Amino acid sequence: MKLVSNIYFDNAATTKIDQSVINLMNNVMTNNYGNPNSTHSFGRSSRTLVEKARKSIAKEFNVLPSEIFFTSCGTESDNLILISAVKDLGVKRIVTSEIEHKAVLNVVKFLKLTESIKVEFVKVNRKGLIDYKDLNKVLVKTNLKTIVSLMHVNNEIGSVLDLIKTGDICKKHNALFHSDTVQSIGKYRFDLSKLNIDFIVGSAHKFHGPKGIGFVYINKKLKLNPQIIGGNQERGLRAGTESVHNICGMELAFIESYKSFDENKKHIQGLKTYFIKKISSSIPLLKFNGSCDDDNESTFSILNICLPVSKDQSVLLEFNLDLKGVACSRGSACQSGSSTGSHVLNSILSELDLKKPSLRFSFSKYNNKAEIDNVVEILSDFVNSN
Ligand code: PLP
């Protein structure tokens, strides 16, 4: 079989930026260079673009534009929410899980050290799913003002949190609820007016937009103070001149992903199903990590597999894939170079499976079945020769 080179199956790390987004950003950089905070016509035209983008995002989520704030990325958004929840909203306890992204876990660790915040981890089962009974139990324990921070879609194994159930549990116990939705924006529809949720976050580079731009939704009942201090931008919550071209790029990528929502979902889901079928018959001893082969419990774009070879073969396997132009991931991108491996896999896999190499494949609208055929062939050749 002829090898197709440059197969990009690392869309949970970042996505290819849409050409229409690049064109628009070029146009904005060329023609709308006014500072959106200036009152002259150049500034006003930039301001119009920024506020239009805010309205587009708010409309999709059925919230007010004033509840959307632009940031530089998902990490900044998670930092802003958790740190401000402690500093401004009187939060004394954070309830989270061991499988959150480091953008949450390391902030929680920091707040525990610097602000003496009580931290509790809710139980997660072998499939990477939150134990809702345990969440109830943990929340009932004390009267400390609490924020629950649980991600919607896990970036490594794709397990999905039930936002309705979690929001209802948080409401019952009077806890604030933050969900890291970085992996689900553009792939799930949210009517935030119907959910008991206080904060969600987005990052444009995960939905075919530019890097260096993100947003937070903050429920209008909650007032936070800025962590970046200076001018009065973003209604005083985040100082710094708005990145107009990035905001416009994010808006277009966001609109496009919801405009083609059903079509993209069907295509990507089809790829994942095809991958599962092909690889299961080529490598029968392979395992799927978490519940990523179950559509009800896992997202349609992420597949994490555990290969039936020894971990000693990992480096060779990665080298082999890279040599053949295949991009996938060992864990999350930020895990690269870590000698301790993935904290997510460490918390859900058995000792035996941790001794085998695991790989994450994450798909986008730009992938196709021929790419899957190639990758499955590379993987099965590798497994059969080792
Ligand atoms: N949260 C999750 C679940 C992610 O997957 C990522 C990125 O991989 C982030 C947060 C951080 O987002 P950003 O790269 O925009 O800082």
Side-chain angles (χ1 to χ4, degrees), residues 8-17 21 57 68-83 94 96-110 124 128-130 148-161 163 166 177-188 190 197 199-217 227-228 238 243 246-247 249-250 253-254 257 290 292 298-304 327-338 342-345 347-348 360-364:
Y8 188 74
F9 280 156
D10 203 12
N11 291 282
T14 196
T15 53
K16 175 183 158 104
I17 185 164
V21 170
I57 295 174
I68 303 294
F69 299 85
F70 297 122
T71 63
S72 67
C73 60
T75 302
E76 183 191 329
S77 301
D78 285 332
N79 270 259
L80 172 63
I81 291 161
L82 292 167
I83 296 173
I94 301 178
T96 187
S97 84
E98 307 262 9
I99 63 166
E100 299 304 303
H101 191 273
K102 295 284 181 184
V104 166
L105 280 181
N106 282 343
V107 183
V108 170
K109 209 191 240 177
F110 166 80
V124 175
L129 299 170
I130 295 295
V148 171
S149 181
L150 292 172
M151 71 206 306
H152 184 206
V153 170
N154 185 279
N155 54 304
E156 293 194 40
I157 49 174
S159 49
V160 180
L161 181 79
L163 289 179
T166 310
F177 177 30
H178 159 237
S179 187
D180 178 339
T181 48
V182 164
Q183 290 292 340
S184 47
I185 301 295
K187 299 196 188 75
Y188 287 79
F190 300 86
I197 194 159
F199 311 98
I200 69 164
V201 306
S203 178
H205 73 100
K206 305 287 185 181
F207 52 90
H208 305 287
K211 292 171 182 60
I213 187 73
F215 66 84
V216 289
Y217 153 77
Q227 278 160 34
I228 298 178
R238 184 185 188 272
S243 182
N246 269 328
I247 290 172
M250 174 162 72
F254 182 89
S257 62
C292 62
S298 150
T299 195
F300 55 91
S301 56
I302 295 177
L303 191 61
N304 198 312
C328 62
S329 169
R330 267 196 298 146
S332 64
C334 61
Q335 218 68 51
S336 303
S338 155
S342 148
H343 67 283
V344 175
L345 296 184
S347 67
I348 64 158
R360 177 189 70 181
F361 294 89
S362 45
F363 314 106
S364 86

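Just so you know, these numbers come straight off a predicted model, no measurement behind them. Just so you know, ligand 1 is whichever comes first in the structure, and atom 1 is the first atom listed for that ligand.
- Counting heavy atoms from C-beta outward, S149 and V108 have side chains that stay 4.5 Å or more apart.
- Taking the side chain to side chain contact (heavy atoms under 4.5 Å, CB included) definition, one finds that T15 meets it with N11, H208, sequence neighbours left out.
- Taking the six-membered ring where the residue is Trp, the centroids of F363 and F9 are separated by under 6.0 Å.
- Atoms of ligand 1 found under 4.0 Å from any heavy atom of T75, numbered from 1 in the order shown, are 11 (C), 12 (O), 13 (P), 16 (O).
- Looking at S179, its side chain does come within 3.5 Å of a backbone N or O of H152 through a donor-acceptor pair.
- Between V182 and ligand 1, no N or O atom pair is found at a separation short of 3.5 Å.
- The option with the heavy atom closest to atom 1 (N) of ligand 1, from among N79, D180, T14, D78, is D180.
- The contact set between ligand 1 and S203, taken as ligand atoms under 4.0 Å from a residue heavy atom, comprises 13 (P), 15 (O).
- If you number the atoms of ligand 1 from 1 as listed, the ones under 4.0 Å from a heavy atom of H205 come out as 13 (P), 14 (O), 15 (O).
- Residue-level proximity to ligand 1 for E76 is absent, since no heavy atom of it falls below 4.0 angstrom.
- Checking E100, H101, M151 against atom 6 (C) of ligand 1, the nearest heavy atom belongs to H101.
- Applying the side-chain contact (heavy atoms from CB on, under 4.5 Å) test between H178 and each of I197, V104, I200, L150 identifies V104 as the sole match.
- The backbone N or O of S298 sits nowhere less than 3.5 Å from a side-chain atom of S159 that would complete a donor-acceptor pair.
- Contact analysis puts K206 in contact with ligand 1, with a non-hydrogen atom separation below 4.0 angstrom.
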